[in-house]
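Order of the sequence lines sets the chain letters (A, B, ...), proteins ahead of strands, with each chain counted from 1. Computed over heavy atoms, backbone and side chain alike; hydrogens, waters and symmetry mates excluded.
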Amino acid sequence: MGLEKLLGDGILATRVSALVNWARQNALWPMPFGTACCAIEMMATLSSRFDLSRFGAEVIRFSPRQADLMIVSGRISIKMMPVLLKIWEQMPEPKWCISMGACASSGGVFDTYTLIQGVDQFIPVDVYIPGCPPRPENLIDGIRKIQEIVSKERLWDAKHGN
Amino acid sequence: MNANHPVVARFRERFAADVLSVEEFRGQTVISVKAPRAVEMLKSLRDDAECPFDMLTDLTAADYLRLDAPERFAVVYQLLSMLRNERLRVKAYVSEARPEIGSVSSLWGNANWLEREVWDLYGIRFLGHPDPRRILMPDDYEGHPLRKDYPLKGRGERSHFPKYTAEEAP
C-alpha cells in the first residue's frame, strides 16, 4: 500500500480481519472428543513424531470454554451424543469442527441402533477426514484445511455471534 | 467337567422335578433347568460340600426366538469351583410371557452388574435385585435391543437430538 513508507519502521497497515484470522488460524486450541481408535491417532499426531505444534494446534484444551476447534474422533453412541452436544454448546464462538474418521462422519461399519450415523446431522462440521482410522498425516491435512477456512472468515457474520 | 461327576448326580437327585436335561459336549457339562427354583439350585451348587462352585465367571442370556428350545429365553450361569478346578454351565429357561427369574446377586456379588446388563439388553427381570437399573443403554431408553426381534437399526433413537447449524449459534 505504501503507507508503511510514510509511517516508518514498526508500523504495519492491514485489515483487522486479516490480522485476527492470521492469529486464529495459527493458534487453534482443539477440544479433543476422542471416543475410539481415532483418538489414538490424534494422540500420535500431537506427540513428538508428527508434532502438531508445527501448525500451532497443540494446545489441547480439556475445557470446552477455552477451545475453538472440536475434533470428534471416534464413534458416538446415543448415550454420548447429549454429552457431545453439551460440550459443543459450551464452546465459545467462533468455533470449528473436524469429524475425524469413518465413524464420526457416517457411523462407519456400525449401522446399529446405538450409533449416531454421522455427527454432522446435529452439529455443523467444517472438515471431514476419511479413514479408519486416518493416519496422523490425514489429521494434519484436516487441520490445514481448517486453517484455510479460518483465514477466509469475516469478522461480522453469524459465526461470531453477530 | 463330566456329566457323570458326583456333584451333577447329587444335583439331579435333589432337583429332579426341575431339571430339564443334562448334556455333555466336549467335556463341558450343561444343566438345563426350569427358572422358578433357580436361586435355590444355584445356592446348592455354590454351597456343595465336595465341589463348591464359589465363583460366578459369567452370567448372560440367550434369545431362542424361532429356535427349538423349551422357552424363548435362557439365563446362562457359568460356574467355577476354585477348590476342584471344575466348571459347570447352568441354563435356566424363562418364558416370553413372564421374563423373570430370581436374582443371584446375594450369592455372588458380581452378579449385580451382570444381571443389570441382562435386564438392559434382554428385558429379563431379576426379582430381588438390589439395584435394577439399566447399565449400558441410556436411562430413558425404551426396549431391549439384544432381543432377536428388535430392529438392528433401532426405532429412531439415533436421530432424536437437537440440531445445530453454523448460522444459528447455540
Check: Using the ring of each side chain (for Trp, its six-membered ring), is A:Phe122 parallel, tilted or perpendicular to B:Phe161, with breaks at 30° and 60°?
Finding: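 Taking B:Phe161 first and then A:Phe122, their aromatic rings stand perpendicular (interplane angle over 60°).
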Residues of [range] within contact distance of chain B, non-hydrogen under 4.5 Å:
range	answer
residues 71-85 of chain A	A:Ile78, A:Lys79, A:Met81, A:Pro82, A:Leu85
residues 55-63 of chain A	none
residues 31-50 of chain A	none

Using distance alone, with no hydrogens and no angle criterion, decide if [X] and [Y] have a side-chain donor and acceptor under 3.5 Å apart.
X	Y	value
A:Asp120	A:Tyr128	yes
B:Ser105	B:Ser103	yes
B:Arg87	B:Gln28	no
B:Thr60	B:Asp58	no
B:Trp119	B:Glu100	no

Notebook entry, point to check: Among residues 125-144 of chain B, which ones touch chain A with a heavy-atom distance under 4.5 Å?
Noted result: B:Ile135, B:Leu136, B:Met137, B:Pro138, B:Tyr141
Next item on the list: Mind checking the CH2-CG spacing from A:Trp29 to A:Asp68? Nearest 0.5 Å is all I need.
Entry: 8.5 Å
Item checked: Atom pair CD1/CG of B:Ile101 and B:Leu42 - distance to nearest 0.5 Å -> 7.5 Å
Next item on the list: In sequence, state the C-alpha distance, the side-chain angles, and the governing distance for A:Lys145 and A:Asp141, and then conclude on salt bridge (Lys or Arg N to Asp or Glu O under 4.0 Å).
Entry: CA-CA 6 Å; A:Lys145 290 225 162 49; A:Asp141 185 51; 3.1 Å; yes
Notebook entry, point to check: Does any N or O in the side chain of A:Lys95 come within less than 3.5 Å of the main-chain N or O of A:Met91, such that one atom is a donor and the other an acceptor?
Noted result: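 Checking the backbone N and O of A:Met91 against the side chain of A:Lys95, a donor-acceptor pair under 3.5 Å is found.
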Item checked: Same apolar cluster: B:Tyr64 and B:Ile31, side chain cutoff 4.5 Å ->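 They do not share one cluster, since no chain of ILVMFWY contacts under 4.5 Å joins B:Tyr64 to B:Ile31.
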Margin query: Please say yes or no: joined through hydrophobic side-chain contacts below 4.5 Å, possibly via intermediate residues, are B:Leu83 and B:Met55 part of one cluster?
Written below: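 Not linked; separate clusters.
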Notebook entry, point to check: Taking it one step at a time, do B:Leu65 and B:Asp149 satisfy side-chain contact (heavy atoms from CB on, under 4.5 Å)?
Noted result: CA-CA 8 Å; B:Leu65 181 69; B:Asp149 52 2; 3.9 Å; yes
Next item on the list: Determine whether more than 12 heavy atoms belonging to other residues, nucleotides or ligands lie under 6.0 Å from atom CG of B:Asn85.
Entry: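 Check fails, neighbour count at 12 or below.
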Notebook entry, point to check: Which residue, A:Asp111, A:Thr112, A:Thr114, forms the side-chain hydrogen bond (donor to acceptor under 3.5 Å, both in side chains) with B:Arg158?
Noted result: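 When side-chain hydrogen bond (donor to acceptor under 3.5 Å, both in side chains) is applied between B:Arg158 and each of A:Asp111, A:Thr112, A:Thr114, only A:Asp111 qualifies.
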Check: Looking only at heavy atoms, which two atoms of B:Tyr122 and B:Ala61 are closest? And how far apart?
Finding: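 That closest heavy-atom pairing would be OH-O, 3.4 Å.
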